[in-house]
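Have a look at the structure below, then the notes.
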Amino acid sequence: MRILVTGGTGFIGSHTCVELLNNHFEVIIIDNLSNSSATVVADIETITNKKVVFYEGDVCDKQLLEKIFNQHQIDGVIHFAGYKAVGESVQLPLKYYNNNLMSTTTLLEVMQQFNCTKIVFSSSATVYGEPHANPITEDFPLKTTNPYGSTKLYCEQILKDFQFANPEFSVAVLRYFNPIGAHCSGLIGENPKDIPNNLMPYIMKVAAKQLPQLSVFGNDYPTVDGSGVRDYIHVVDLAIGHIKALQFLKSTTGFHPFNLGTGNGVSVLQLVELFKKVNQVDVPYQIVARRSGDVATNYANAEKANRLLGWKAEKTVEDMCRDAWNYMKNHSN
Ligand code: NAD
Ligand code: UFG
């Protein structure tokens, strides 16, 4: 199968391209490099010893998409491209609505035009808002607390309505929990240019002495040690989930949401301690007030993905800490 990967030079996209190539898929990437670098293409090729076709461009550019679909017989699409910073989405909601929604509708129009009927979409556990219980199953009520989350929820709805109107389509919506870690080669991973919003990139910048200390947002939640609990998942496990989803879509139609998580909750303080122990580095931190909009606890029931996709996260939190730091050591400059 030949797969178009939008946002394929980004964090999750690049790891998924590696798994696709390792599983004998052909890969075409479109990415506008708004949050990634073209050097990632060469890194993917080095890891896999295979070639990818790369288009630098925007998924909202319908003419470019038509050109790509004209030049290649595309069997399926994985749609990662989008903006993802929660805080920025509150400040600049239209930037998020424009990019995340328009890229999805443009892509669907062109897929329909070229009779390409299989799509895997990057959604997020953010669509569950503050869950009434844990672990979270796919049938929990959907609600969001910020514009970024709303774009994910609206895209899911667009995909659902579109699939209903076009029953020959098959759609897998993958709701990721908290992806961290990196490829074991140390060549690809996550290294935000600005001050990170997310926990693991922040821990790494502190460990690398690029930032003085971590702020732990709250120690008074009703959790094991008072700090927030999340379901951290290794990005390579997550990437493999996309391959399983594509294989599932081959023999089915319909709209299929799946949680991709480990099913285990880990607190902020537990993650910091594990990172220090596994990598033998110091991570100074201070406890500060809760971050507005954060939930206490959020972890997945991923039984549906196990049952229907034959997928299960395999890697441990220790693997995530080791691989993330291995990547960071190579890229700290
Ligand atoms: P990322 O920013 O590393 O990757 C996204 C890629 O899309 C980037 O390379 C960026 O340059 C590209 N892009 C953005 N808009 C584009 C456009 N209009 N046209 C072409 N390219 C465009 O992010 P990521 O962490 O790899 O996330 C991938 C997807 O997964 C996103 O849709 C994100 O919302 C979703 N997601 C991420 C997380 C997470 O914690 N990383 C959690 C849940 C869901
Ligand atoms: N945290 C800190 N200090 C920091 C950063 C985070 O203590 O500097 C804490 C948070 O309060 C939270 C935990 O670490 O308890 C994880 O926070 P992240 O920002 O890493 O991740 P979130 O769970 O808040 O959100 C992430 C993505 C969302 C996505 C969601 C899916 O940022 O886009 O996971 O569950 F929707």
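Because only heavy atoms are used, hydrogens play no part in the values below, and waters and symmetry mates are left out as well, while side chains stay in. Start at 1 and go down the list; that is how both ligands and their atoms are numbered. Along the sequence shown, residues carry numbers from 1.
If you look at L214 next to ligand 2, the close heavy atoms, those under 4.0 Å, all belong to the side chain. Within the 4.0 Å heavy-atom criterion, the part of D294 lying near ligand 2 is the side chain and not the backbone. Contacts between Y148 and ligand 2 below 4.0 angstrom, taking non-hydrogen atoms only, involve the side chain exclusively. Using a 4.0 Å cut-off between heavy atoms, K152 contacts ligand 1 through its side chain alone, with no backbone atom that close. Heavy atoms of P196 found under 4.0 angstrom from ligand 2: none, in either backbone or side chain. Contacts of Y221 with ligand 2, taken as heavy-atom pairs under 4.0 Å, are absent altogether.
Residue Y202 has no nitrogen or oxygen atom sitting less than 3.5 Å from a nitrogen or oxygen atom of ligand 2, judged on distance alone. Of the N or O atoms in V86, none lie within a sub-3.5 Å distance of an N or O in ligand 2. The shortest N/O to N/O separation between Y83 and ligand 1 does not fall below 3.5 Å. Remark: ligand 1 and V59 share an N or O pair separated by less than 3.5 Å (distance only, no angle test). For ligand 1, none of its N or O atoms has an N or O atom of P179 under 3.5 Å away. Below 3.5 Å of separation, one finds an N or O of R291 facing an N or O of ligand 2. Backbone and side-chain nitrogen or oxygen atoms of E190 are examined, and none is located within less than 3.5 angstrom of a nitrogen or oxygen of ligand 1. Checked by distance only, ligand 1 and S123 stay at 3.5 Å or farther apart across all their nitrogen or oxygen atoms. Ligand 1 has an N or O atom lying under 3.5 Å from an N or O atom of N99, backbone or side chain. For D31, a nitrogen or oxygen atom sits less than 3.5 Å from a nitrogen or oxygen atom of ligand 1, counting backbone and side chain alike. The shortest N/O to N/O separation between F217 and ligand 2 falls below 3.5 Å. Residue Y176 has no nitrogen or oxygen atom sitting less than 3.5 Å from a nitrogen or oxygen atom of ligand 2, judged on distance alone. Of the N or O atoms in I12, one or more lie within a sub-3.5 Å distance of an N or O in ligand 1. For the pair S103 and ligand 1, the shortest N or O to N or O distance does not fall below 3.5 Å.
Remark: of the listed residues R175, E156, K152, E156 is the sole one forming a side chain to side chain donor-acceptor pair (under 3.5 Å) with S123.
Nearest protein heavy-atom contact of atom 18 (P) of ligand 2 is N198 ND2, 3.5 Å. Nearest protein heavy-atom contact of atom 3 (N) of ligand 2 is S215 O, 2.7 Å. With hydrogens left out, the protein atom closest to atom 31 (C) of ligand 2 is S124 OG, 3.5 Å, a heavy atom. In terms of protein heavy atoms, atom 16 (C) of ligand 2 is closest to Y232 OH, 3.4 Å. What sits closest to atom 9 (C) of ligand 2 on the protein, heavy atoms only, is V268 CG2, 3.6 Å. For atom 20 (O) of ligand 2, the nearest non-hydrogen atom of the protein is L199 N, 2.8 Å.
Relative to the six-membered ring of Y83, K95 meets both conditions, a distance below 6.0 Å and an angle of at most 45° to the axis. R290 forms a cation-pi arrangement with Y221, by the criterion of a distance under 6.0 Å to the ring centre and an angle within 45° of the ring axis.
Ring-plane geometry between F140 and H132 is classed as parallel, the angle between the planes falling under 30 degrees on a 0 to 90 degree scale with a further cut at 60. Taking the six-membered ring for Trp and thresholds of 30 and 60 degrees, Y97 and Y154 have nearly parallel ring planes, at less than 30 degrees apart.
In this structure, the ring of F121 has its center no less than 6.0 angstrom from the ring center of H256.
Residues Q157 and D161 bring a donor and an acceptor atom of their side chains to less than 3.5 Å of each other.
Residues V41 and I12 are members of one and the same hydrophobic cluster, defined by side-chain heavy-atom contacts under 4.5 angstrom among Ile, Leu, Val, Met, Phe, Trp and Tyr.
Per-residue contacts place R230 under 4.0 angstrom from the following atoms of ligand 2 (heavy atoms of the residue considered): 12 (C), 15 (O), 16 (C), 22 (P), 23 (O).
Selection from N178, L269, T126, N298 by nearest heavy atom to atom 21 (O) of ligand 2 gives N178.
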